[in-house]
Amino acid sequence: MGLKLNIIFMAALFGLILDSSNIANSQILRFEATDNGAILPQSDITQALLKAWSNACASTSPSKVVIPNGIFKLSGASLEGPCNAPIEFNLQGILQAPPADANFTGGDTWVAFEYVDFLTVSGGGIFDGQGKPTWGKDCAKDQYCGNLPINVRFNYVTNSIIQDVTSLDSKQFHINVLGCQNVTFQHVKIIADENSPHTDGIHIGRSTDIKILDSNIQTGDDCISLGDGSKHITIAKVTCGPGHGISIGSLGKYPNEEPVNRVDVKGCILKNTKNGVRIKTWPDSQEGEASDMHFEDIVMENVGNPIMIDQEYCPWNQCDSQLPSRVQISGVSFNNIRGTSSTALAVKLICSGGLPCQDVEMTDINLKYSGEEGEITSECKNVKPTVSGIQNPPACVTIEA
Ligand SMILES: *[C@@H]1O[C@H](CO)[C@@H](O)[C@H](O)[C@H]1NC(C)=O
Ligand SMILES: *[C@@H]1O[C@H](CO)[C@@H](O)[C@H](O)[C@H]1NC(C)=O
């Protein structure tokens, strides 16, 4: 056994343990966000956390911010880099967002990690957004839904791992990933009611090399949604439901959107979701591109519209033009998709009349309709997929381009 040395400093409100352990040669600085009664569970740890973070971030050897077991209030925190060395945010307890009523406003962010390289988030703890009271709004009419705090944001975070944490009852999206590169999410759990509006599980935009693995997402909106500029995204062994399924898009709403390129969704299970896997773009859209998107080995359990490309996506009838989408979709494959569809229309490939979908492949699609009336069907427009293997329902038997 090696040398083990613990020196305890008391610094301001923090217990700071310098632990030169026998595990490798690195030192771990441990900034406890609580210490002997200085910060009691149930008190607001915002200031303590910001201070612990800035101390840890300044360390030139790997450091760790530990939030121990207990329930802690956090009014909101932006945890910023760049840091001088790898940093770990070890959340063992429960962080609680400010409570809300039905008219709550409180900015668009609760917790943010920004400009950090080599971040690890871990610990088995919970980010509790306490969003239930804010879920009653009608998002069709109300801008309110999109202006609530997102539980956890990762902005410009690189080479990082987010694992073994839960996002609970977010007021808006649970996790938002923007401008990130090489970030892996694994064993992440997301929980909110089926009826919670605008609570996408993980939304990714303008990011490269992002993996979401072995995770479980139960929420009221998209399980995972990919916005413009999502590149080299892998989603594997994720279980979704309830929720709206796994979505690429919606794309084409705003000018200067970046292309979506290379998305692999594989080995996932969707249960009781409103949609399965889909690509959606707005009609009369801005120009855009989405290519190289592959959906493989996916089990559908009582899922609405299990397979869908929708280039006429227009929720709440807010589009007044019938002009086609100008987002070019190409290189799409659906391979080994099986299980049950809760809608008779199980395969819907509606592509743009201006830019028909290119290189679409359907292989081994085996879906059964779990409802009572009618037969399982497909609908296609402006697409001629290459079809092989089992086809239930037969894909694109009627092409009404
Ligand atoms: C929210 O605002 C509406 C409209 O101003 C008001 O009628 C309602 O009582 C408010 N609800 C709460 C919980 O404050
Ligand atoms: C990606 O991030 C992981 C986790 O920090 C790191 O181990 C790996 O070296 C990074 N990969 C590249 C290509 O930088």
Keeping [X] on the side-chain end and [Y] on the backbone end, is there a donor-acceptor pair under 3.5 Å?
| X | Y | value |
| --- | --- | --- |
| N305 | I307 | no |
| S160 | V157 | no |
| S225 | D222 | no |
| T273 | K271 | no |
| T343 | L345 | yes |
| T166 | L168 | no |
| D228 | E258 | yes |
| S342 | G304 | yes |
| Q358 | P356 | yes |
| S63 | A56 | yes |

Which value, rounded to the nearest 0.5 Å, describes the distance between [X] atom [atom1] and [Y] atom [atom2]?
| X | Y | atom1 | atom2 | value |
| --- | --- | --- | --- | --- |
| E80 | S54 | CD | OG | 10.5 Å |
| I217 | I202 | CD1 | CD1 | 4.5 Å |
| I191 | H174 | CD1 | NE2 | 8.5 Å |

Original post:
Which class fits the ring pair F154 and F113: parallel under 30°, tilted 30 to 60°, perpendicular over 60°?
Top reply: parallel
What is the ring orientation for F127 with F89, classed by angle as parallel under 30°, tilted 30 to 60°, or perpendicular over 60°?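 Parallel.
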Are [X] and [Y] close enough that a side-chain donor and a side-chain acceptor fall under 3.5 Å?
| X | Y | value |
| --- | --- | --- |
| T340 | N302 | no |
| R326 | S285 | no |
| S250 | W282 | yes |
| N182 | T158 | no |
| Q172 | T199 | no |
| T46 | D44 | yes |
| T234 | D264 | no |
| H198 | D200 | no |
| T208 | H232 | no |
| T281 | S325 | yes |

- Message: Within the 4.5 Å heavy-atom criterion, are V265 and F334 side-chain neighbours or not?
- Response: no
Query raised in the report: Is there side-chain contact between R278 and H244, with at least one heavy-atom pair below 4.5 Å?
Result: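 They are in contact (side-chain heavy atoms under 4.5 Å apart), so the answer is yes.
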Given the options E88, Q163, Q186, K64, S122 meets side chain to side chain donor-acceptor pair (under 3.5 Å) only with E88
When every non-hydrogen atom of P98 is compared with those of K171, the smallest separation belongs to O-NZ, 2.8 Å
task = Check the pair E312 / K280 against salt bridge (charged side-chain N to carboxylate O under 4.0 Å, His left out), numbers first and verdict last.
result = CA-CA 8 Å; E312 296 173 358; K280 48 188 182 176; over 6 Å; no
Exercise. Under a 4.0 Å N-O cut-off, is there an ion pair linking E114 with R153?
Worked result: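 Looking at E114 and R153, the cut-off is not met.
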- Task: Could you go through the side chain to side chain contact (heavy atoms under 4.5 Å, CB included) check for H294 and K266 one step at a time?
- Result: CA-CA 8 Å; H294 307 284; K266 56 194 174 192; over 6 Å; no
Inspect the surroundings of NZ in K231 and state if more than 12 heavy atoms from other residues, nucleotides or ligands are less than 6.0 Å away.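 Correct, the count exceeds 12.
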